[in-house]
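We name chains A, B, ... by the order of the sequence lines, and we start the count at 1 in each one.
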2 protein chains.
Amino acid sequence: MQNLSKNQQIIFDLIDKSPEPLKAYTILYNVQKKGIKAPLQVYRALDKLVEIGKIHKIESRNAFIACHNSSCQVAKATAFSICEICEKVTEISSDSLSKYLANFKDKDGMKYIKYNLEFFGLCKKCKVK
Amino acid sequence: MQNLSKNQQIIFDLIDKSPEPLKAYTILYNVQKKGIKAPLQVYRALDKLVEIGKIHKIESRNAFIACHNSSCQVAKATAFSICEICEKVTEISSDSLSKYLANFKDKDGMKYIKYNLEFFGLCKKCKVK
DNA sequence: TTACATCTTGTTATATTATAACAATCTAAA
DNA sequence: TTTAGATTGTTATAATATAACAAGATGTAA
Ligand SMILES: [Zn+2]
Ligand SMILES: [Zn+2]
Ligand SMILES: [Zn+2]
Ligand SMILES: [Zn+2]
């Protein structure tokens, strides 16, 4: 597990301490005081962080969240729940789910080690309102 | 099941006969001869078609594919396989999978009737190469 | 230590994807 | 026939992401 470069570390720290997924240009705005001035600098760091599994992209939201499966061996097999009201996103770590999906075979018998699953619904808070 | 409007029909027909997911601006380019000239006309039709379940958005690709689960009751519960080489996308219709996901409960016991799952791997053709 | 490859950064410009705002027109039901 | 809702047309702009090129940093292996 290599160390992060300067920009990667700055951007990871920001995402990691955020309670919600961050969008690329929100990140850019928040790191400009640290010398990161251009979109590409942000996207390059994001690409790398996704690649090594430190963060995940929430595809349906174009936003990025730190991995909280501390030992997310399977950076490429991700599952999230997304609240459609408050937009709270939670990474799901369920052995049962990940085993089921890792073993899933399609009609042709194909298996897929990589997947992304996004569940949508209402979080506890929004449900009671 | 209401009928489609003119623009919706034009755009659905294009997507439906396409062997691959289409992007919004590809669609725009292909329907300009039919009088649809602006991005917003395309996006409005796409929004509606997604809403009524005639097409699905492949979130990781920003592309749209016609629903081929002819009786896709659950327009909001979708699963696809995506080839990482040739980008072939196939909608998965598996009772087992949809039941499993529809019944999945997270740590808080929450169930989610809506989800999107994207599997990544190599299709048969690309695998043998 | 040097030479080499690789990764990382900086910078400007541009491409791609998507929505805002406003006005007109069509459609179907009361 | 009126009226509410859906659909269309149009221009402008916002939001997301990459291309292309140059320079600097880093780590290996001779
Ligand atoms: Zn993770
Ligand atoms: Zn919520
Ligand atoms: Zn479908
Ligand atoms: Zn393929």
How many angstroms lie between [atom1] in [X] and [atom2] in [Y], if you round to the nearest 0.5 Å?
X: B:Glu59; Y: A:Arg61; atom1: CD; atom2: CZ; value: 7.5 Å
X: A:Glu91; Y: A:His68; atom1: CD; atom2: NE2; value: 8.0 Å
X: A:Lys105; Y: B:Ser96; atom1: NZ; atom2: OG; value: 12.0 Å
X: A:Glu20; Y: A:Ile58; atom1: CD; atom2: CD1; value: 12.0 Å

### Query
Picking from B:Ile11, B:Ile15, B:Ile65, what satisfies side chain to side chain contact (heavy atoms under 4.5 Å, CB included) with B:Ile55?
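By the side chain to side chain contact (heavy atoms under 4.5 Å, CB included) criterion, B:Ile55 pairs with just one of B:Ile11, B:Ile15, B:Ile65: B:Ile15.
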Whether [X] contacts [N] is assessed here as follows: a side-chain N or O lying under 4.0 Å from the phosphate OP1 or OP2. Is that the case?
X: B:Ser5; N: D:dA6; answer: no
X: B:Tyr43; N: C:dA18; answer: yes
X: B:Lys57; N: C:dA18; answer: yes
X: A:Lys6; N: D:dG24; answer: no
X: A:Gln41; N: C:dT9; answer: no

### Task
Mind checking side chain to side chain contact (heavy atoms under 4.5 Å, CB included) for A:Asp13 and listing every partner two or more places apart, or none if nothing turns up?
A:Gln9
### Query
Of B:Asn7 and B:Pro39, whose closest DNA chain D nucleotide lies nearer the 5' terminus?
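Upstream on the strand: B:Asn7.
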What is the separation between atom [atom1] on [X] and atom [atom2] on [N], rounded to the nearest whole Å?
X: A:Glu59; N: C:dT17; atom1: CD; atom2: C1'; value: 14 Å
X: A:Gln32; N: C:dG10; atom1: CD; atom2: P; value: 13 Å
X: A:Arg61; N: C:dA18; atom1: CZ; atom2: P; value: 13 Å
X: A:Leu46; N: D:dT16; atom1: CG; atom2: P; value: 12 Å
X: B:Leu40; N: C:dA21; atom1: CG; atom2: P; value: 12 Å
X: A:Asn3; N: C:dC7; atom1: CG; atom2: C1'; value: 14 Å
X: A:Asp47; N: C:dC7; atom1: CG; atom2: P; value: 14 Å

### Task
Find out whether B:Leu117 and B:Ile92 are in side-chain contact, i.e. whether some heavy atom of one side chain is under 4.5 Å from a heavy atom of the other.
no
### Query
Is A:Leu4 close to A:Phe12 at the side-chain level, that is, under 4.5 Å between some pair of heavy atoms?
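SC-SC contact between A:Phe12 and A:Leu4 confirmed.
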### Query
Centres of the B:Phe119 and A:Phe104 rings: under 6.0 Å?
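Aromatic pair counts; centres sit under 6.0 Å.
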### Message
Under 4.0 Å, heavy atom to any atom of DNA chain C: which of residues 9-30 of chain B qualify?
### Response
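Residues of residues 9-30 of chain B under 4.0 Å from DNA chain C: B:Lys23, B:Tyr25.
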### Query
A:Asp108 side chain to A:Met110 main-chain N or O, any donor-acceptor pair under 3.5 Å?
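Answer holds: no.
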### Query
Where the side chain of B:Lys48 is defined as all heavy atoms beyond and including C-beta, which of D:dT7, D:dT8, D:dT11 is the nearest nucleotide?
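Looking only at heavy atoms from C-beta outward on B:Lys48, the closest nucleotide is D:dT7.
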Side chains of residues 26-36 of chain A: which donor-acceptor pairs under 3.5 Å do they make with residues two or more places apart or in other chains?
unit_1	atom_1	unit_2	atom_2	d
A:Asn30	ND2	A:Thr26	O	2.8

### Task
Quick one: which residue pairs count as a salt bridge (Lys or Arg N to Asp or Glu O under 4.0 Å) with a foot in residues 111-122 of chain A, not counting sequence neighbours?
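Sorted pair list: A:Lys114-B:Glu84.
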### Query
If we fit an axis to the first five pairs and another to the last five of the helix from C:dT1-D:dA30 to C:dA30-D:dT1, what angle do they make, to the nearest 10°?
40°
### Query
Mapping A:Gln8 and B:Asn62 onto DNA chain C by nearest heavy atom, which one lands closer to the 5' end?
A:Gln8
### Query
With the sugar-phosphate defined as primed atoms, P, OP1 and OP2, and the base as all remaining atoms, what B/S/- string results for nucleotides 23-30 of chain C, 5' to 3', for protein heavy atoms under 4.0 Å?
--------
